[in-house]
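Down below is the structure, laid out as structure tokens.
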Amino acid sequence: MLEVRQLSFSYGDHPVLHEITFSLQPGTLLSVLGMNGSGKSTLLKNLARLLRPQQGRCLLNGKELSLLSDSELSRTVAYLPQTVPLSDITVFEAVLIGRKPHLGWQIQPEDLQETTRMLDLTGLADYAGRKTTQLSGGELQRVAIARTLAQQPAVLLLDEPVNHLDIRSQIDVMDLIRNLTLQLGIATIAVMHDLNMALRFSDRFLLLKGGRMAAFGASDVITEQTIQDIYQLQVVLQQVGGLTVVVPCPDQEPSHRHQD
Amino acid sequence: MAASHAADPNTLYGRLTAHRRLVLLVLLLALLPAALLSLKIGSYPISSSTIISTLLFGSEDSLISHLIFNIRLPRTLAALLAGAGLALSGSVMQTLLKNPLAAPSTLGVSQGAAFGAAVAIILLGSGQTFTVGNEGVLLGNRSLTALCAFAGASLSTLAILAIATSRRLAAEAMILAGVAMGAFLSACTMLLQYFASDLQVAATLFWTFGDLGKAGWQENQTMALLLAVVLGGCIWKGWSLNALQWGDETAHSLGVSPAQLRLTGMLLTCLLVSIITAFLGIIAFVGLMAPHLIRPFIGSDQRYLLPGAALCGALLLLAADIVSRTVLAPVVIPVGIITSFAGAPLFLALLLRRRPPC
């Protein structure tokens, strides 16, 4: 189980996260929601140790993540940034590099097998020999997810995994993420912007407002009230074919608040 | 066994690996005839068989022995070593800084060496100049010039790294610091030259023309030693360099420290370039071009790309040296002029041939 206790972080004098506390079971998908600048990405970077929290603890099965060495951490926590530069390389090798934390100098048969397995799991088996520069956005995101999974992490951190994808690819990629989370027993944390995608695929929700936790829990924390509170937006929740759908109310005053 | 598994021709990865090893082998084999040709060229004709037998068993003929072992072989080896070293450095810099234009000459290292040489020649008087008849400028104390050039290049490197460290060794910071440092050092060199005598200016200018004739056995030994260290280190860190291609954050998530890798990588490659430039003068374009030339054939896996680029650079500089000695024979044009001359159109051809990224 992943436990985050009282995690606080500030850039210099500017506080960004304030006493974030939550826990996550293996095999569950947590969506982190909130407006731009609410600290979602910063939270993920703190968990990935790209940033060091000033205060608080992160425990995985009772073990402090901050005490792990860089290589131990890379075998435990995988992080997918918002944007990844393209490299002119085959899909197979783009996934194989995810084995880096487990690799010695020489490639072992299990590294190749594990890479092939991840390509199969993400539906990329037929793409193995293609150059990543020839792929569509949705396919590229699958490659990136396959690479993080090749690390065999216990915790998977995804920063806006379906941004810039068309609606079909968004559903496919989220479906893939949820299935693999369950199948491989990973604790997955995804920063999400699309409330409907989050509601459809996540088990848990963490709502951030100005770096503070506004709510944490199952889908019942997503109410018209909490959304109004977090996004300053009036919405209606509707049931469509067993799915809860968030619909922004028409005729709302533009907020005129300056966002990033 | 692991190695045999990776090379299994029935798997995609096995085929990729086999192809890359073949490219390396072809490059290695191409060096042999090129080196032989380089040893043959000269005003005194020596047959190929004589060259080979002299190299293997020595020669009774003291003239041939002298020509090969004291004049032609050091020059050929210098072309191989300097070409390999410059290309390797350029290739590593391009990966570390994620910039296809990164190279010793675009990052202020060469300019640092030129400034060091100018200090030695103009201020320290190491370039005692003599006029021989109506022509020619002879450099006096060559080792002092080389030492100062090395110091200049190293100081330039350290300054760039120090500036970039304040920006957490980000790639862009390093490139911008390098460009600024290069411009600043060029201005310093020009200022020195402005107040120097004509002969001193001519001597500093002469020094900057990269010339393989300056190398002897001792220089070659130093270059070979450093090249072996840097190449070995790069291949050892091949997987980390591969991880860096996916960005600093991904590399970090894969257990690689981008800042540490960038610092040690830049230090080692700049050291190698500094030594080569101090010994031979400025040889532009080899470091920039060799990685771009070989990448379409060998791919971006650094464990193969780096040795491939080194072999390609060795071949390029050897070819340029052969041209420099034959095109206006018996006049030998400094090889740095040839590499820049041939490099610019070759580089443009490479650029135009490549499909634009989608």
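The chains referred to below are lettered A, B, ... by the order of the sequence lines, with proteins before strands, and numbering in each begins at 1. All values reported here derive from a predicted model rather than from experimental measurement.
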Using side-chain heavy atoms (C-beta onward) and a distance below 4.5 Å, is A:R147 in contact with B:W246? yes
Quick check for you: to the nearest 0.5 Å, what is the distance between B:L254 atom CG and A:S71 atom OG? 12.0 Å
Mind listing the closest non-hydrogen atom pair of A:D88 and B:S300 along with its distance? O-OG, 3.5 Å
Give a yes or no on whether the backbone of A:Y79 and the side-chain of B:E249 come within a donor-acceptor separation of less than 3.5 Å. no
For B:R20 and A:E93, what are the C-alpha separation, side-chain angles and deciding distance, and is it a salt bridge (Lys or Arg N to Asp or Glu O under 4.0 Å)? CA-CA 14 Å; B:R20 285 164 190 170; A:E93 290 171 283; 2.7 Å; yes
Most contact-rich option vs chain A, by heavy-atom pairs under 4.5 angstrom, among B:H252, B:K98, B:Q245, is B:H252
Cut-off 4.5 Å, heavy atoms of chain B, and the answer for A:A48 is backbone
Any heavy-atom pair between the side chains of A:F92 and B:L16 that's under 4.5 Å? no
What part of A:A94 gets closer than 4.5 Å to chain B, counting heavy atoms only: side chain, backbone, both or neither? both
Roughly how far apart are A:L80 CG and B:T250 OG1, rounded to 0.5 Å? 7.0 Å
Is there side-chain contact between A:R49 and B:S253, with heavy atoms separated by less than 4.5 Å? no
Identify which part of A:K45 has an atom lying under 4.5 Å from any heavy atom of chain B, answering side chain, backbone, both or neither. side chain
Per-residue contact mode, A:I89 against chain B (heavy atom under 4.5 angstrom): side chain
Sort B:I235 into side chain, backbone, both or neither according to what part of it lies under 4.5 angstrom from a heavy atom of chain A. both
Heavy-atom cut-off 4.5 Å, strictly under: side chain, backbone, both or neither for A:T148 against chain B? neither
Heavy-atom pair with the smallest gap, counting every atom of A:P85 and B:G247: CG-N, 3.6 Å
Any chance you could measure B:W239, atom CH2, to A:I97, atom CD1, to the nearest 0.5 Å? 5.5 Å
Exceeds 12 heavy-atom contacts within 6.0 angstrom, atom CD of B:Q260: no
